[in-house]
Structure formats: C-alpha cells, structure tokens
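Notes follow the structure.
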Amino acid sequence: MPEVTEPYKTGTPCWVDLMAKDQQAALDFYRDLFGWQGKPGPAEFGGYAVCELDGRAVAGIGPAMAPEGQPEPPTVWTGYLATNDAQATQDAIVRAGGTLLAPVMDVGKLGRMLIAQDPQGAVFGVWQALEFAGAKVVNEAGAVVWNELHTSDIPAATAFYGEAFGIEIKPMEGAKDYWALEVGGRAVGGATLLKNDPPGTPAHWLTYFAVDDVDSTVDALVKRKGTVLVPPFDMMAGRMAVVADPQGAPFAMIKPKPMQS
C-alpha cells in the first residue's frame with residue numbers, strides 16, 4: 001500500500017523531516033539520490049519544503065534555525081507520530097516523563113505539531129493533521145519504509161510510548177533483541193537496544209528509506225559526499241545500510257525482502 005489514503009492512527013509514524021544548514025544543498029542531494037522534487041516554500045512557513053515523489057508528499061526539508069542565543073540544532077531526520085489531539089498528547093507526554101522541546105503550535109491550516117524527547121533522550125515529533133495529513137507515499141523505493149527507536153531501556157520505552165500514544169512494544173518473532181511497535185495490532189515500527197550502536201550513541205529514532213538497490217544507492221551517496229556508517233549487509237528483513245548525508249544526517253536504506261503472503 002504505497003499510496004496512503006486512510007488517516008494515520010494515533011501513534012503511527014506519519015511524516016519525517018530534516019532541518020539542514022544548507023537547505024538547497026539538501027534538496028539537491030535527495031533529489032539526486034531518491035528522485036524527490038522540492039523547493040523552498042513560503043516565508044510564513046520558514047521556507048519549509050514539502051518534497052514529493054511522483055507528485056505525492058514524501059518528506060520535508062527545511063532550513064535549520066536556532067533560537068537566538070541557542071546552539072544550532074543537530075542535522076538529523078525527525079520522525080513524527082500521528083495524533084488526533086496534539087494538546088492531549090502533549091499533556092500525556094509530560095505526564096509520562098517526556099520533555100517538551102517545542103510545545104504545541106499551529107502550522108497555518110495544515111495541522112498542529114510539537115517536538116518532544118522521551119525519558120531516554122530520543123527526539124520525535126507529533127503531528128495532528130488538519131489540511132495536511134502527512135506522507136502520501138510510503139513503503140516504496142524513495143519513500144519511508146520503517147521507523148526504529150534506539151533506546152537504552154525497553155521497559156521504560158514501553159511504558160512511555162504506551163501512556164503517551166497507546167503504542168504497544170512487543171518482542172518481534174524470530175528476531176533476537178528486537179521489538180515491534182504496534183498500533184491496533186499492526187507493526188508500525190521497531191525498537192532495538194543502544195548496545196548495538198557505537199559506544200556513546202544517544203537514544204534516537206532512525207528513519208529507513210526503501211531503495212531498489214542498496215549497493216548502487218550507497219555508491220551514489222558516496223559520490224555525492226555522503227558517508228557510510230554501516231556498509232551494506234543482509235538481515236532478516238532485507239539488505240540494508242546505515243549512512244549519513246553530506247551535512248551529517250544519519251538514515252538507513254533498505255531493499256526489503258518481499259512480504260510473505
């Protein structure tokens with residue numbers, strides 16, 4: 001179901017965006033890598049670009065802007081979890097021990113959003129759709145296919161995301177030290193332990209983009225000054241690699257194995 005036609009249920013990843021120091025360079029890089037089309041948007045939205053894949057919204061790229069006197073935010077992909085009530089979700093996040101980085105704000109008539117940090121330190125966004133529902137294409141080459149929480153404490157993450165979003169975190173069948181994030185009984189993402197990351201890596205969410213050929217896409221990324229963090233390898237879900245774009249934003253790419261019917 002690459003084309004998204006149903007509203008996203010609360011707790012389901014619904015959008016991903018990147019705040020880049022050089023927005024145009026990021027737009028050019030992802031155009032060349034994934035075939036996205038996007039250009040800086042209106043000033044009222046800070047120039048934020050909604051990138052499209054074959055005419056369907058796929059991800060956002062905006063210019064990084066630090067509040068006055070604050071350090072520049074890191075260049076990272078931020079995933080957004082859907083909600084039908086951003087204010088109620090914000091209250092639940094605080095109750096569950098999360099930290100607000102950017103409280104609920106209106107984004108014109110498009111929707112309402114906030115940015116928060118879970119108790120282990122992983123940053124995520126929340127999106128309440130109004131006129132803009134989120135990604136219109138997922139699970140196909142060039143689009144988001146998976147969202148993965150890297151955490152130091154699975155029981156604590158289970159408690160937090162359960163209280164804030166109603167997400168259930170359960171061991172994934174056939175996978176050691178890996179968990180599925182479920183909404184309404186359907187896996188919408190995964191979770192793994194930080195011990196599998198390089199020492200000192202903070203808790204984070206990792207965005208996976210689907211590609212037709214991991215090895216050739218990694219080669220194309222390197223030619224465009226990207227960095228390989230984990231070279232291509234085969235795993236239970238397909239062939240994947242972890243990389244960073246030229247401005248340092250990490251992400252994963254994967255050619256998923258065909259789904260078993």
Side-chain angles (χ1 to χ4, degrees), residues 13-41 46-54 56-66 71-80 101 115 122-125 134-135 137-150 189-190 192 196-198 200-233 238-256:
C14 64
W15 188 242
V16 64
D17 68 17
L18 173 70
M19 295 294 131
K21 290 175 185 171
D22 186 333
Q23 182 191 24
Q24 189 59 55
L27 289 167
D28 293 345
F29 173 80
Y30 288 99
R31 177 198 63 212
D32 293 348
L33 196 69
F34 292 144
W36 295 356
Q37 297 299 314
K39 58 184 182 182
Y48 189 93
V50 173
C51 297
E52 295 184 339
L53 184 66
D54 299 327
R56 300 164 296 173
V58 65
I61 296 178
M65 291 178 286
E72 276 197 3
T75 305
V76 292
W77 282 98
T78 300
Y80 290 74
L101 302 180
I115 306 288
V123 174
F124 61 92
V137 56
V138 295
N139 300 346
E140 71 174 47
V144 175
V145 68
W146 194 242
N147 296 268
E148 186 174 80
L149 174 66
H150 291 230
T192 186
N196 301 319
D197 287 286
T201 303
H204 63 282
W205 283 84
L206 181 66
T207 299
Y208 283 65
F209 295 104
V211 294
D212 286 326
D213 185 317
V214 171
D215 297 75
S216 66
T217 310
V218 166
D219 290 345
L221 171 132
V222 171
K223 284 179 185 150
R224 291 167 176 80
K225 305 290 191 278
T227 307
V228 179
L229 304 176
V230 180
F233 67 99
R239 186 163 179 81
M240 68 169 284
V242 184
V243 296
D245 71 19
Q247 298 184 59
F251 60 94
M253 58 176 79
I254 185 169
K255 178 173 175 56

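In Asn196, the CG atom is crowded: over 12 heavy atoms of neighbouring residues, nucleotides or ligands sit closer than 6.0 Å.
Lys21 and Gln247 make their closest contact through N-OE1, 3.1 Å (heavy atoms, listed as atom of the first residue, atom of the second, distance). A pairwise comparison of heavy atoms in Glu140 and Leu53 identifies OE2-CD2, 4.0 Å as the closest pair.
In this structure, CG on Asp212 lies 12.0 Å from CE on Met253, to the nearest 0.5 angstrom. To the nearest 0.5 Å, atom CD of residue Gln23 and atom CG of residue Asp28 are 10.5 Å apart. The CG atom of Leu18 lies 10.0 Å from the CZ atom of Phe29; values are rounded to the nearest 0.5 Å. From Asp219, atom CG reaches atom CZ of Arg224 across 10.5 Å, with rounding to the nearest 0.5 Å. Here the straight-line distance linking atom CG of Leu27 with atom CG of Asp22 works out to 9.0 Å at 0.5 Å rounding. We find the CG-NE2 distance between Leu206 and His150 to be 4.5 Å, quoted to the nearest 0.5 Å.
Between Tyr30 and Phe209, the angle of the ring planes lies from 30° to 60°, which puts this pair in the tilted group.
In this structure, Val211 and Phe34 have side chains that are in contact, with non-hydrogen atoms separated by less than 4.5 Å. The side-chain heavy atoms of Asn139 and Val145, taken from C-beta on, include a pair separated by under 4.5 Å. Residues Ile61 and Trp77 meet the side-chain proximity criterion, which asks for heavy atoms closer than 4.5 Å. With a 4.5 Å cut-off on side-chain heavy atoms, Val144 and Pro13 do not count as touching.
Between the side chain of Trp36 and the backbone N or O of Gly142 there is at least one donor-acceptor pair closer than 3.5 Å. Glu148 places no side-chain N or O within 3.5 Å of a backbone atom of Tyr208 that could act as its donor or acceptor partner.
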